[in-house]
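One structure below.
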Amino acid sequence: MQIDITLLRGQEVGTTLNITESQQTATLGDLAAHNLSVAAEVVALEDSWVIRGTVNAEMELECSRCLVTYREQVATPFEATFAVRTDEDAFQTDGATLELATPLREALLLAIPLAPLHDPDCLGLCVVCGKDLNEEPHDHASATPEKTVD
């Protein structure tokens with residue numbers, strides 16, 4: 001996702017530009033986001049630009065208990081600094097556009113739950129046979145393992 005900042009070139013420090021952008025599907029590096037929307041403010045500094053706002057996206061996640069793939073809405077604030085000159089604390093820009101793929105990817109990755117669950121009551125997988133207990137509950141308590149593990 002690119003943001004045009006040509007209106008801010010040559011403006012006073014502190015001049016702002018409000019933006020709202022959306023995309024049906026966006027690829028942010030190795031991350032796929034659906035119904036991505038960004039509402040942000042770009043602030044012109046002396047020789048750089050700061051963008052801060054909120055990103056909303058529907059992310060494809062894998063349940064940590066049963067491994068089913070599902071979509072979850074994720075919303076998180078983000079902030080990034082862009083500069084024409086290479087700076088390790090800022091993303092590089094040509095002074096005309098801001099490429100938001102990397103800062104948005106980083107913000108969304110940090111907002112994804114560490115152990116995503118498609119349902120808080122998810123039963124997970126059977127430890128003996130590996131079947132999804134949400135679809136086919138069963139009991140292996142009476143089964144005797146073939147090998148005894150010490």
Side-chain angles (χ1 to χ4, degrees), residues 1-138 140 149:
M1 176 177 285
Q2 290 188 342
I3 303 299
D4 182 9
I5 58 167
T6 53
L7 294 174
L8 290 176
R9 287 174 41 182
Q11 298 293 321
E12 292 181 18
V13 171
T15 304
T16 62
L17 175 65
N18 292 317
I19 58 152
T20 55
E21 293 286 330
S22 61
Q23 287 184 355
Q24 191 69 22
T25 303
T27 303
L28 308 170
D30 59 347
L31 193 64
H34 306 280
N35 302 319
L36 178 79
S37 66
V38 175
E41 175 182 70
V42 182
V43 180
L45 301 178
E46 193 168 312
D47 57 355
S48 60
W49 297 267
V50 173
I51 182 168
R52 60 179 68 94
T54 305
V55 59
N56 293 293
E58 215 174 88
M59 307 298 298
E60 281 192 24
L61 303 177
E62 185 176 85
C63 180
S64 61
R65 290 185 188 160
C66 68
L67 308 179
V68 70
T69 301
Y70 72 102
R71 286 189 181 185
E72 183 173 322
Q73 189 69 32
V74 176
T76 187
F78 75 97
E79 183 173 327
T81 302
F82 288 83
V84 175
R85 286 184 265 126
T86 306
D87 182 358
E88 63 184 54
D89 293 333
F91 295 98
Q92 192 164 7
T93 181
D94 59 4
T97 60
L98 304 181
E99 177 55 60
L100 297 182
T102 302
L104 293 181
R105 178 185 178 276
E106 290 174 359
L108 289 169
L109 281 174
L110 291 172
I112 293 173
L114 291 176
L117 296 173
H118 79 280
D119 180 0
D121 297 326
C122 178
L123 298 173
L125 301 176
C126 176
V127 296
V128 176
C129 66
K131 290 185 179 177
D132 187 346
L133 296 174
N134 298 301
E135 296 175 4
E136 192 177 323
H138 57 282
H140 286 284
V149 178

Where is the tightest heavy-atom contact between Ala107 and Pro77, given as atom of each residue plus distance?
CB-O, 4.1 Å
Can you name the nearest heavy-atom pair linking Val13 to Leu45, along with the distance?
CG2-C, 3.9 Å
dist Phe91:CZ -> Glu106:CD (nearest 0.5 Å) comes out at 4.5 Å
CG/Leu117 to OG/Ser64 distance, rounded to the nearest 0.5 angstrom?
4.5 Å
Check whether any side-chain heavy atom of Val42 lies under 4.5 Å from a side-chain heavy atom of Val50, and answer yes or no.
no
Go through Leu108 and Met59 one step at a time and tell me if the side chain to side chain contact (heavy atoms under 4.5 Å, CB included) criterion holds.
CA-CA 9 Å; Leu108 289 169; Met59 307 298 298; 4.1 Å; yes
Could you grab the distance from atom CD of Glu135 to atom CG of Leu125, nearest 0.5 Å is fine?
9.5 Å
Whether over 12 other heavy atoms sit under 6.0 Å from Gln73 CD
yes
Provide the closest heavy-atom pair for Gly124 versus Asn134 in the form atom of the first, atom of the second, distance.
N-ND2, 3.9 Å
Measuring from Trp49:CH2 to Thr81:OG1, what's the distance to the nearest 0.5 Å?
11.5 Å
With side chains defined as the heavy atoms from C-beta onward, is the minimum distance between Ser37 and Thr20 less than 4.5 Å?
no
Does any non-hydrogen side-chain atom of Glu99 lie less than 4.5 Å from one of Gln2?
yes
Show your working on side-chain hydrogen bond (donor to acceptor under 3.5 Å, both in side chains) between His34 and Gln24 and close with a plain yes or no.
CA-CA 6 Å; His34 306 280; Gln24 191 69 22; over 6 Å; no
Would you indicate whether the side-chain heavy atoms of Leu61 and Pro113 approach each other to under 4.5 Å?
yes
Taken to the nearest 0.5 Å, the spacing of Asn56 CG from Leu36 CG works out to 8.5 Å
Could you check whether any side-chain heavy atom of Glu21 comes within less than 4.5 Å of a side-chain heavy atom of Ile3, counting everything from C-beta outward?
yes
Do Leu104 and Val38 touch side chain to side chain, with heavy atoms closer than 4.5 Å?
yes
Search all heavy atoms of Pro116 against all heavy atoms of Glu62 and return the closest pair with its distance.
CG-O, 3.5 Å
Answer yes or no: is there an ion pair linking Asp30 with Arg105, defined by an N-O contact shorter than 4.0 Å?
yes
Taking the side chain as every heavy atom from C-beta outward, state whether Leu100 and Phe82 have any pair of such atoms under 4.5 Å apart.
yes
The reported gap from CZ in Arg71 to CD in Glu58 (rounded to nearest 0.5 angstrom) is 5.0 Å
When every non-hydrogen atom of His118 is compared with those of Val68, the smallest separation belongs to ND1-CG1, 3.5 Å
Which heavy-atom pair separates Glu12 from Ala44 by the least distance, and what is that distance?
O-CB, 4.1 Å
When you measure from the side chain of Thr27 to the backbone N and O of Ala32, does any donor-acceptor pair fall under 3.5 Å?
no
